[in-house]
J.: 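Quick one: structure below, then a few questions.
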Amino acid sequence: MRSDHQITDMHLDVLKEIGNIGAAHAATSLSQLLGRKIDMLVPKVSLVSFDEMFELAGGAERIVAGIYLRIQGDLSGSMFFVLPIDSANEFIRRLIGDEMFDFYAVPIPEMGISAMQELGNILSGSYLSALSDFTGLKVHPTVPSLSVDMVGAIVSFGLIEVSHYSDEVIVIDTRIEEEGEDGNSSVDGHFFLLPDPESYITIFRSLGVL
């Protein structure tokens with residue numbers, strides 16, 4: 001990392017704990033929205049290079065459904081949530097009750113766009129709420145925007161500013177598990193968290209682990 005701070009395993013453990021609390025809140029909201037039990041887990045939080053981030057998402061040219069938003073308030077930065085297109089299709093079809101929905105359709109049906117944005121709202125809001133509770137900082141997300149494109153094209157926008165100061169990104173693995181008549185099914189996605197440089201220090205100073 002090309003800045004005056006270093007993220008340690010202890011920092012990542014704290015972020016994982018925050019992530020799991022946020023995931024539990026998000027699971028409750030999704031369960032209420034869908035009318036069936038949803039569990040969410042954060043198996044891992046890691047610090048990776050930009051190249052490794054693209055690999056985790058299946059390669060820079062892999063087509064995904066991506067949610068992008070900015071973090072505002074006492075912290076600033078960018079946050080992305082990406083789902084493989086097949087996983088996104090499966091989840092949104094169940095969410096809106098339309099087996100014909102397809103993110104590859106041109107144009108993408110508005111109901112599916114709204115549902116994916118709502119998923120982004122729930123997930124980002126839950127994570128940032130947990131971060132706020134832990135740190136005492138006031139943070140909130142902007143309205144999320146949806147893109148269906150190559151990972152590289154979606155994420156590169158958020159990398160422009162942060163790449164001047166850092167060559168790494170925080171990855172919050174996220175697993176959404178749903179109970180159904182045919183057994184449990186799960187969808188794996190990734191949160192890419194890119195705090196602006198000064199916000200790293202603010203986060204960890206607030207957590208008492210700087």
J.: Heavy atoms, side chains only, cut-off 4.5 Å: are V171 and V169 in contact?
T.: yes

J.: Would a single hydrophobic cluster contain both L56 and F54, if residues Ile, Leu, Val, Met, Phe, Trp and Tyr are joined by side-chain heavy-atom contacts under 4.5 Å?
T.: yes

J.: Which atom names give the shortest non-hydrogen contact between I21 and A130, and what distance separates them?
T.: CG2-CB, 4.0 Å

J.: Hey, does I71 have a side-chain heavy atom less than 4.5 Å from the side chain of L193?
T.: yes

J.: What's the spacing between M79 CE and I170 CD1 if we round to 0.5 Å?
T.: 9.5 Å

J.: State plainly whether one hydrophobic cluster holds both I113 and L83, where clusters connect Ile, Leu, Val, Met, Phe, Trp and Tyr through side-chain heavy atoms under 4.5 angstrom apart.
T.: yes

J.: With sequence neighbours excluded, tell me which residues meet side chain to side chain donor-acceptor pair (under 3.5 Å) with R175.
T.: D188

J.: Taking side-chain contact (heavy atoms from CB on, under 4.5 Å) as the criterion, tell me which of L75, V139, D74 meets it with S199.
T.: L75

J.: Name all pairs fulfilling the side-chain hydrogen bond (donor to acceptor under 3.5 Å, both in side chains) condition that reach into residues 124-137, sequence neighbours left out, sorted by first residue then second.
T.: Y127-T174

J.: Can you name the one residue among L119, N121, L123 that meets side-chain contact (heavy atoms from CB on, under 4.5 Å) with P144?
T.: N121

J.: With distance as the sole test, does S186 use its side chain to make a donor-acceptor pair with the main-chain N or O of I176 at under 3.5 Å?
T.: no

J.: List, one per line, each side-chain donor-acceptor pair under 3.5 Å for residues 95-107, sequence neighbours excluded.
T.:
residue	atom	partner	partner atom	Å
D98	OD1	M100	N	2.9
D102	OD1	N89	ND2	3.1
D102	OD1	Y104	N	2.8

J.: Working to the nearest 0.5 angstrom, can you tell me the gap between I203 CD1 and I18 CD1?
T.: 8.0 Å

J.: Look only at the side chain of E52 and the backbone of S49, and say whether a donor-acceptor pair between them is shorter than 3.5 Å.
T.: yes

J.: Which heavy atom of A57 sits nearest to which heavy atom of V82, and what is that distance?
T.: CB-CG2, 4.4 Å

J.: Mind listing the closest non-hydrogen atom pair of I92 and G112 along with its distance?
T.: CG2-CA, 3.9 Å

J.: Taking all non-hydrogen atoms of both residues into account, name the closest pair between V42 and A23 and its distance.
T.: CG2-CB, 4.0 Å

J.: What's the separation between atom CZ in R205 and atom CG in L137, rounded to the nearest 0.5 Å?
T.: 11.0 Å

J.: I'd like to know if E178 pairs up with K37 as an ion pair, taking the criterion as any Lys NZ or Arg NE/NH1/NH2 lying under 4.0 Å from an Asp or Glu carboxylate oxygen.
T.: no

J.: Please examine the side chains of H190 and D173, heavy atoms only from C-beta on, and report whether any two atoms are closer than 4.5 Å.
T.: yes

J.: Measure the CG-OG distance between D39 and S31 for me, rounded to the nearest 0.5 Å.
T.: 7.0 Å

J.: Are L41 and V45 linked, directly or through other ILVMFWY residues, by side chains that come within less than 4.5 angstrom of each other?
T.: no

J.: Quick check for you: to the nearest 0.5 Å, what is the distance between S78 atom OG and D196 atom CG?
T.: 6.5 Å

J.: Ignoring hydrogens, what is the shortest heavy-atom contact between A65 and L146? Give both atom names and the distance.
T.: CB-CD1, 4.4 Å

J.: Without swapping roles, check the side chain of S76 against the backbone of Q72 for a donor-acceptor pair under 3.5 Å.
T.: no

J.: Does K16 come within less than 4.0 Å of D9, counting only side-chain N to carboxylate O?
T.: no

J.: Pick from F192, F191, Y68: which one makes a ring-ring contact (aromatic ring centres under 6.0 Å, His included) with F80?
T.: Y68

J.: Are M150 and I108 co-members of a hydrophobic cluster defined by side-chain heavy atoms under 4.5 Å apart?
T.: yes

J.: Do F81 and I63 sit in the same hydrophobic cluster, where Ile, Leu, Val, Met, Phe, Trp and Tyr count as joined when their side-chain heavy atoms come under 4.5 Å apart?
T.: yes

J.: Quick check for you: to the nearest 0.5 Å, what is the distance between L131 atom CG and L15 atom CG?
T.: 7.5 Å

